[in-house]
Amino acid sequence: MLDIKFIRENPDLIRQAARRKRLDFNVDQLLSADENRKKILQEIEELRAKQNRASERIAALKNEEEQDAAAKDLRELKEILSKKEYEYRKIDGEWSKLMFDVPNIPDPSVPDGETERDSKEIRKWGEPKKIDFEPKDHISLLSSLNLADLQRGAKVSGFRGYFLKNEAVILSLALWQFVFDEFRASNYEPILAPALVREENLFGSGHFPQSREDVYKTQDDVYLSATAEIPLMGFHSGEVLDETDLPKKYLAFSPCFRREAGSYGRDTKGIYRLHEFFKIEQLILSVADHQDSVKFHEELTGNSEKIVQALGLPYRIVAAASGDLGRAHVKTYDIEVWIPSERRFRESHSSSYYHDFQTRRLNIRYRDKTGKSRFCYSLNNTAIATPRILIAILENFQRADGSVEIPEILQKYTKFNLIKPVFSDR
RNA sequence: GGAGGAGUGGCUGAGCGGUUUAAGGCGCCGGUCUCGAAAACCGGUUAGGGAGCAAUCCCUUCGUGAGUUCAAAUCUCACCUCCUCCGCCA
């Protein structure tokens, strides 16, 4: 959600934002709804003022008969008022609907383009290991090393279902432990976040109303969160923080659920795209300052780079193209790790900032030094997502004999340094 | 799942149809007093929107939404949250 005053004063910026994000949004429709709404609201306020004054006069009358007589005269006013109010509710509903559709404005540095293919490489780290044999893909490694059961996963859980087994389990636990340890000395507060969230949080974070079909809904009308960003943004909703408490930094683990409604044809095999996974997410609430957002965006991205570097995975940072940005986003960096079997980089982390788009919806404010209340700015980034990151680890660390090395940094957690192929079902 | 009770400003807490522009207290800000401070005393102090150069004025806001009424913090209904008890439960 953007400030209506800003929209009134900068309709061209909104038009341009919609064009860059490849969204169909009609600013003029909003502006005319806005004008209409404002006009009716002013009329209602005048009528209410009139009614309030008349009511006060009635209250001053001591005689009940006099009161009744005076009240009679007000019924007509009341009728006009309620008609106006009905009109207002209608236009206000229209107005809100449009307001929820207004895209946030992409930063000028965001590369223009339609899809993922138009993203721009910012920097690169590491060299893919020389593999002098035909590298197996993660699906065949999972199978030969007995690390997952995808058939039974589908039988029990349905399409995209999976069981992780044996060393893959220990490796997952090791990754989570390692990441929380990496942040131990930092001022990121560790959190285990709920996955069940109320609808308002999904609106607040900018996932609703557009992406309803991507989210699971329970029979109690609470939803299964697609990321800890959602409960974490809801954490401070409706609060007025003190400027001295900012920035707030969180590191949250949660299960994540995604319907993947629009991606039936894509990544249908393996564990790249799942309905159910686990993620540790970083999130920052900061003061309302663009330069701060830029600074913290780099910090969040840098934190994740350190993790991927420590794991020894070659990666690159790309700035997502304008058309690939979510409605709520100002700018997004993806970390893409090297996948040997595909000979390409694929997304493992996503680091974004939003200015006050989310905090305005969630009403997360702070009192600045002058005592004025302002909306915080928000940012978030993946710290690690499992099992997806296992794909990169398995493929990059595979050896000619079919075994897989464990990244050195994880060995103190896993207590083993090699995953060996099995030749019979364990 | 069942039975009760409760949600009021930054906090505490009164009000239960109309001088409520929400009492009182705490906190905070300003002032008087003081060499300075504390105490005491005086004044100010919810938030959002709108009109105006400004002084100021208007509307909304007592968990949320709908309703009754000329008028709702106050009455009715639904929902949300918290507390107590019973049941179930890792």
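In this text, all values refer to a predicted model and were calculated from it rather than measured experimentally. Every chain is numbered from 1, with letters handed out A, B, ... down the list of sequences.
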| query | Which one of A/F296, A/F183, A/Y250 satisfies the ring-ring contact (aromatic ring centres under 6.0 Å, His included) criterion with A/Y188? | reply | A/F183
| task | Choose from B/rG48, B/rC70, B/rC59 the nucleotide whose nearest atom is closest to any side-chain atom of A/R48. | result | B/rC59
| message | I need the NZ-P distance between A/K50 and B/rU60, as an integer number of Å. | response | 15 Å
| query | Below 4.0 angstrom from OP1 or OP2 of B/rU60, is there any side-chain N or O of A/N52? | reply | yes
| Any donor-acceptor N/O pair, A/N26 side chain to A/Q29 backbone, under 3.5 Å | yes
| remark: A/L47 atom CG is separated from B/rG50 atom C1', nearest whole Å, by 15 Å
| message | Just N and O in the side chain of A/K78: are any of them under 4.0 Å from OP1 or OP2 of B/rU69? | response | yes
| Counting just side-chain N and O atoms, does A/Q42 come under 4.0 Å of either OP1 or OP2 of B/rC59? | no
| Of the nucleotides B/rC70, B/rU81, B/rC59, which one has an atom closest to the side chain of A/R198? | B/rU81
| query | So what does A/E46 hit on the nucleic acid, given a heavy-atom distance under 4.0 Å: a base, only sugar-phosphate, or nothing? | reply | nothing
| query | From B/rG49, B/rG48, B/rC70, pick the nucleotide closest to the side chain of A/Q51? | reply | B/rC70
| field | Spacing of A/E239 atom CD relative to B/rG9 atom P, expressed in whole Å | value | 15 Å
| task | Name the nucleic acid region contacted by A/A49, choosing base, sugar-phosphate or nothing; use a 4.0 angstrom heavy-atom cut-off, strictly under. | result | sugar-phosphate
| Side-chain N,O (A/S373) to OP1/OP2 (B/rG48) below 4.0 Å | yes
| task | Look at A/D289 together with A/R374 and state whether they make a salt bridge at an N to O cut-off of under 4.0 Å. | result | no
| query | Contact class for A/R57 (heavy atom, under 4.0 Å): base, sugar-phosphate, or nothing? | reply | nothing
| task | Please report the C-alpha distance between A/D324 and A/R22 in whole Å, then the side-chain angles of each, then the deciding distance to 0.1 Å, and finally whether the salt bridge (Lys or Arg N to Asp or Glu O under 4.0 Å) criterion is met. | result | CA-CA 8 Å; A/D324 201 28; A/R22 271 66 175 173; over 6 Å; no
